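One structure below.
One-based numbering along the sequence shown. Fair warning: this is a prediction, and the values are worked out from it, not measured in the lab.
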Amino acid sequence: MIDPVLKRALKTWGEQAQMMMVVEEMSELMKEILKNICRHKDNIDQIIEETADVEIMLAQLKENYQIFDRVETYKTEKIKLIAKRLDDWDKK
């Protein structure tokens with residue numbers, strides 16, 4: 001499920017520190033997205049970098065809380081809901 005390096009990082013640096021890093025990385029991604037949209041900045045490289053950072057940290061978050069399977073189940077259900085909404089939208 002989780003890359004052994006990421007599991008090691010969680011163990012080495014600790015749960016609290018890594019959960020704070022989740023928040024920090026999400027904030028950095030949000031900042032880059034806002035720059036792109038609001039300031040029309042060409043910062044795709046930064047968005048790519050921050051997206052990778054967020055995905056890495058989310059893997060650690062799921063490991064920390066032992067919620068990988070539950071998240072995957074919820075994602076599957078949410079995608080079905082989105083598909084239904086899109087189908088309803090197309091019928092309008």
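Atoms CG and CE, from Asn64 and Met57 in turn, are 9.5 Å apart once rounded to the nearest 0.5 Å. Of the inter-residue distances, the one linking Leu81 atom CG with Glu77 atom CD reads 9.0 Å to the nearest 0.5 angstrom.
In the hydrophobic cluster analysis, where Ile, Leu, Val, Met, Phe, Trp and Tyr join through side-chain heavy atoms closer than 4.5 angstrom, Ile47 is grouped together with Leu58. Note on Val71 and Ile2: same hydrophobic cluster, where clusters join Ile, Leu, Val, Met, Phe, Trp and Tyr whose side-chain heavy atoms are under 4.5 Å apart, directly or indirectly. Val54 and Phe68 fall into different hydrophobic clusters, where Ile, Leu, Val, Met, Phe, Trp and Tyr residues are linked whenever their side-chain heavy atoms come under 4.5 Å apart, directly or through other members.
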Would you be so kind as to tabulate the donor-acceptor pairs closer than 3.5 Å made by side chains of residues 33-40, with sequence neighbours excluded?
unit_1, atom_1, unit_2, atom_2, d
Lys35, NZ, Glu32, OE2, 3.4
Asn36, ND2, Lys41, O, 3.0
Asn36, ND2, Asn43, OD1, 3.1

For residues 4-31, please give each side-chain donor-acceptor pair under 3.5 Å, one per line with the distance, not counting sequence neighbours.
unit_1, atom_1, unit_2, atom_2, d
Thr12, OG1, Arg8, O, 2.8
Gln18, NE2, Gln60, OE1, 2.8

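Residues passing the side chain to side chain donor-acceptor pair (under 3.5 Å) test with Lys78: none are found, sequence neighbours excluded. With sequence neighbours left out, the side-chain contact (heavy atoms from CB on, under 4.5 Å) criterion links Glu55 to Thr51.
Applying the side-chain hydrogen bond (donor to acceptor under 3.5 Å, both in side chains) test to residues at least two apart or on different chains, the pairs with a partner in residues 82-92 are Lys84-Asp88.
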